[in-house]
Each structure stands twice: as structure tokens, then as C-alpha cells.
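Only one structure is covered here, and it is reproduced in the block below.
Model, not experiment: these values are computed from the prediction.
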Amino acid sequence: MRSRLFPFILVILPLLLLVIGRIMGFNGLYGQDAHEYLRMAQAIREALLGEGAFPTKSYWPVNYPATGALLSVIVPNLTLALQLVSVLALTLSAWWLRQIALYYQPEATTALSIFIGLFFVGSPLLLRASVLVMSDLLGLLGIIGFWRAVLAYRSGASIGALILAVLAALLAVFSRYPAALVIGVLGIGWAVELLRKKDWSALFLLGIGGGGLSLLVLFLMPGLVGVSENSFLQMWSATQWWQTEFQNADGTLQFPLPNLLATLGVIWLPTFGLSAWLSIGFLKRTDLQLPDRWVLLLALLVKVLFLAGLPFQNPRVVYLGYPLVLLLVAPGFVRLWNRFSINKVWRWGLLTGVVMVQLALLVRGYHQFYSNQQVQQLLAYRIKEREKEVPVYTFAVDQALDTYNVESPIYNLWRQKFDEFSLGGVVLFQPEKFGNANAPGNVWANWQTLTTHYQLRPLESLAEGWVIYRIERKEP
């Protein structure tokens, strides 16, 4: 792949995956968060059209649904608009990341174009995320855009770069709150640089601009509670770096790897890409003398250590450190690519091997998301087909049922503890997975009440262990 093909690769890969998914019936809705983003985007779009009020309270950051709502003015299908936000975020992120990498190694245009194309655009996790209704890539775009603005200002740009830095930082933080860790460390590093240069005007403008816009966002949405009411943050502890089992609001969670090693997966997990596997062996100690190596390394370290102290594991929160990994290992890949320059067969073998491995990982992960959405649509269809206006008690799919227009009243078994249940209502549940004391929230207590005081008559068994029960009076 030559460098002039880079823009084509940027656009075609995520768009091709989006088109294939749409043909297969995949709408990007995976997990409860996606359905909540869709609901928020719908509310914001209605407000923009004068058909409702702007939402003022949200557990989730607002940038992603707001951007999707704005784009839906051009693309009326809201789920497609939200998917396109992710596609565009990946594309622009890759373009800026390539510019950043070339800032440090301007002579390596071809090698770095291949590097970013293979391991950023072609990353199985990032490419899969580009077709999801999810805010991760927009947060990633904010981080990369912030550092791109820093380098532009350093290279001679002025007010435009400062404005971009402020907007990109706010885009990152109000798309994914954990982005504040990376932005914070990188921002402190830049502030120290500006202090040394006695660039007081830049410091003043950044402080006023960033602070003022942050206050404006909080004024418009005083109910942004995702940070202040996050139980996971309140449970942070360094002792959890080495743990594999956690008790939190999601129940008892068990993982095969300790938290610290799992969080370091942004470096070694093949699902992110094979960049570190191929590049680390070709790094040299002199690479640390390249500009900004230590601040990039510190930002990655702070993020890894902080996330490893939270009582859960989730690749989504690890995404945000991936551009830092790529920038740190890029010099190693450039050396590897140059070494293979003596033999084109080796180069093509390297490219083919990486593409095949990452494609296999992409297909595997994509199938999981596609299957999950198909099951949710099946559950909604079966409830709508057989139940009319009777209460539905469920967990983990309540927002999906609402998205797919189930008209019955829906009650969440996790959010609320019920002292009694409506006779004739139905329970949509996974008894093998959640019918035990390790179930999260109020699920186990509600299940005990149902099985102890009522007769649950199975109506239908569905995929992934889901069962529809009728709630009946228990015979004495």
C-alpha cells in the first residue's frame, strides 16, 4: 500500500463494513448503552425540530447522541446517522494520527501510512466499533485532535490551533469521561511547555476557553451525573490491580486475568492489532529521545493504572490509550519495514499475515455483536406477537424492547425491588445465567420473590437461554 492510497483505505474499510452490516440487517445497536444513546439522540433531534424539550439529565456523555441528532438532519435514519458518526470519527482520527506520526518521523511517509492503515484503521476492535452506535471513537477523535492541535501550535499555528485544542478536549471528555485522564496528562505536559516559553496569552486563552465552554455544557445539562454518581469510581482501589473477581452493581464478576494485565491488553491483545507484537523488538533506547516520548508514556501509564483500579474489565475503556501505544511503537515498525525493503516477498508476506489474522479476529468479534442484536430483535418480536398490554418484567434487554416498539409496560428487575408482581404478566429471563445469588442489583431478590410466591409457567424457550414465563397464582 503506497501512501497515496491511504485516504482510500481510510474511507473504504469502515464504509464497506457498514454496508455489509446493513445488508445483513445489523443496525449498530449492541448492549444497553447503544439503546440509551439512541433514545437520547431521538430526544435531542425532537428538540431541534421543535417537537420536544432538550434533555437536561443524563448518565451518559452527550456529545455522541447530539452529533448523531445533528447528522440526522441530513440522514433521516437515526441509527444510520449514529453509525456514520462512528465511521467518520475513525476516518478523521486515522488521518490526524498519521499527521502526528509524520511530525515525529517525516521521512517515513510510506511506512507510517501502512502502519496506521494496518493497525489503526484495520484494528479489529476499532474497525468493529466504527459500525456500532457507541461513543468510543468520538472520544478517541477528541484525544487525537487535541494532540494534533498541540503539535500544530508548536509548529507555528496560532489562534486556530488553540481553538481546536479546546474543542477537541471537550469533544473527548464529553464523549467518553475516561478520556479526561489522557487529556489531563497531555494537557499538563503542554502547559509545562507553555510555561517554560512564557506563552502567557496561550495559557490564558486555553484556560478561559476550556473552562467557559465546560461551564456552558454543565449549565445546559445540569443533570450530567455519569461521573458524580458512578459507583465504580467510588470503589476504585489499587488493591484491585491484581484481582480477577469483583463484587459491584453488576453482581459477581470473574475474569481470567488480573486487572492490571487485562488493562495492559491495549499493548498486547491481538484484538487491538499486532502493532506491538511486530514493533517492540525493533525499538531502540534512542527512540526515547524523540519529542514527547515521556509525556505520551506517562499518559498511557496513568490511564492503565487508573483503569486497573476499577472493579471491572471492559475493552471499551481501554480504547482511549491505543493511539498512545501506536505513537510509541511506530519507530520500531519503521525499522522493520525498512529492513524488509530488500525483499518484496517478505513485505507482502508481512502484510498478508497481518491482514489475515486481524480479519479473522474482526469476523469473530463482529459475529458476536450481530448475534446479540438478532437475539434482542427476536425477543421483542416474540413479546409483541404473543403479549398485548400485559406487564413485562425483564433485565438487560428492557431498553432494547422499548427500541423495537414493544408496547407493553416494561419493568427492570435490576433497577427496582418488587414486593409483588402482576398476575397474568410475563417474565423474560435467563434463569441459568441470572437465577443465582451472583446476579446483579435486585435481580436475585426479585427472582426469589417470583419463584417463592408465584407459579412461573414456561411459555416459550428462546435463544441464549431466554425463557418467557407467565406469572400465575401459586397453588397452596
Side-chain angles (χ1 to χ4, degrees), residues 58 60-67 70 85-86 88-90 92-97 99-100 103 134-155 157-195 197 199-221 224 226-228 230 233 291-292 295-303 306-307 316-327:
S58 173
W60 285 266
V62 297
N63 280 348
Y64 179 70
T67 306
L70 290 171
V85 171
S86 296
L88 294 171
L90 178 65
L92 185 53
S93 292
W95 184 258
W96 276 345
L97 189 61
Q99 290 181 330
I100 294 171
Y103 172 87
M134 205 64 68
S135 64
D136 303 322
L137 292 181
L138 199 61
L140 205 65
L141 174 63
I143 291 174
I144 295 171
F146 174 78
W147 199 240
R148 177 70 186 89
V150 170
L151 300 185
Y153 186 78
R154 185 186 294 170
S155 299
S158 55
I159 189 67
L162 295 177
I163 293 173
L164 176 59
V166 170
L167 294 179
L170 293 174
L171 176 66
V173 174
F174 288 107
S175 295
R176 292 288 289 146
Y177 292 135
L181 290 169
V182 179
I183 292 292
V185 176
L186 296 179
I188 291 172
W190 188 24
V192 170
E193 178 183 335
L194 294 175
L195 283 171
K197 295 179 178 179
D199 193 344
W200 309 118
S201 59
L203 287 168
F204 176 78
L205 289 174
L206 288 170
I208 293 296
L213 288 176
S214 298
L215 291 174
L216 177 62
V217 172
L218 295 175
F219 173 77
L220 294 174
M221 286 201 69
L224 279 176
V227 176
S228 60
N230 192 307
L233 287 179
D292 304 319
V295 71
L296 295 173
L297 189 60
L298 180 61
L300 178 63
L301 180 64
V302 168
K303 181 160 182 57
F306 181 83
L307 293 179
R316 284 187 57 207
V317 298
V318 182
Y319 283 172
L320 302 176
Y322 187 54
L324 305 176
V325 173
L326 292 181
L327 291 175

Q: Could you note down all residue pairs passing salt bridge (charged side-chain N to carboxylate O under 4.0 Å, His left out) where residues 157-173 supplies at least one of them, sequence neighbours left out?
A: none

Q | Where K303 and V182 come nearest, the two heavy atoms and their spacing | A | CD-CG2, 3.4 Å

Q.
Restricting to non-hydrogen atoms, name the atom on L296 and the atom on L327 that form the minimum distance, rounded to 0.1 Å.
A. CD1-CB, 4.1 Å

Could you list the donor-acceptor pairs under 3.5 angstrom formed between side-chain atoms of residues 186-193 and any protein atom two or more places apart in sequence or on another chain?
from: E193; atom 1: OE1; to: R154; atom 2: NH2; distance (Å): 2.9
from: E193; atom 1: OE2; to: R154; atom 2: NE; distance (Å): 3.2
from: E193; atom 1: OE2; to: K197; atom 2: NZ; distance (Å): 3.2

Q) Which pairs with one or both residues in residues 171-185 pass salt bridge (charged side-chain N to carboxylate O under 4.0 Å, His left out), sequence neighbours excluded? A) D136-R176

Q.
Rounded at 0.5 Å granularity, tell me how far CG in L138 sits from CZ in F174.
A. 13.0 Å

Output side-chain donor-acceptor pairs under 3.5 Å for residues 145-152, partner residues at least two apart or in another chain, one line each.
from: W147; atom 1: NE1; to: Y104; atom 2: OH; distance (Å): 3.0
from: R148; atom 1: NE; to: Q99; atom 2: OE1; distance (Å): 2.7

Q: Indicate the atoms forming the closest heavy-atom contact of L97 with P323, along with that distance.
A: CD1-CB, 4.1 Å

Q: Please identify each residue that fulfils side chain to side chain contact (heavy atoms under 4.5 Å, CB included) with L298, with sequence neighbours left out.
A: V185, V302

**Q.** Distance in Å, L181 CG paired with I143 CD1, rounded so as to fall on 0.5 Å steps
**A.** 9.0 Å

Q. Do any pairs count as a salt bridge (charged side-chain N to carboxylate O under 4.0 Å, His left out) and have a residue in residues 199-212, sequence neighbours left out, and if so which ones?
A. none

Q.
Please find the pair of heavy atoms, one from G139 and one from A172, that lie closest to each other, and give the distance.
A. O-CB, 3.6 Å

Q: Please answer whether the main-chain N or O of L137 pairs with a side-chain N or O of Y319 as donor and acceptor at a distance below 3.5 Å.
A: no

Q: Could you tell me the separation between the OG atom of S135 and the CG atom of L171, rounded to the nearest 0.5 Å?
A: 10.5 Å

Q | Nearest non-hydrogen partners of L140 and S93, listed with the distance | A | C-OG, 4.1 Å

Q: Taking all heavy atoms of L194 and all of A202, pick out the closest pair and write down the distance.
A: CD1-CB, 4.2 Å

Q. Is any side-chain heavy atom of I163 less than 4.5 Å from a side-chain heavy atom of I159?
A. yes

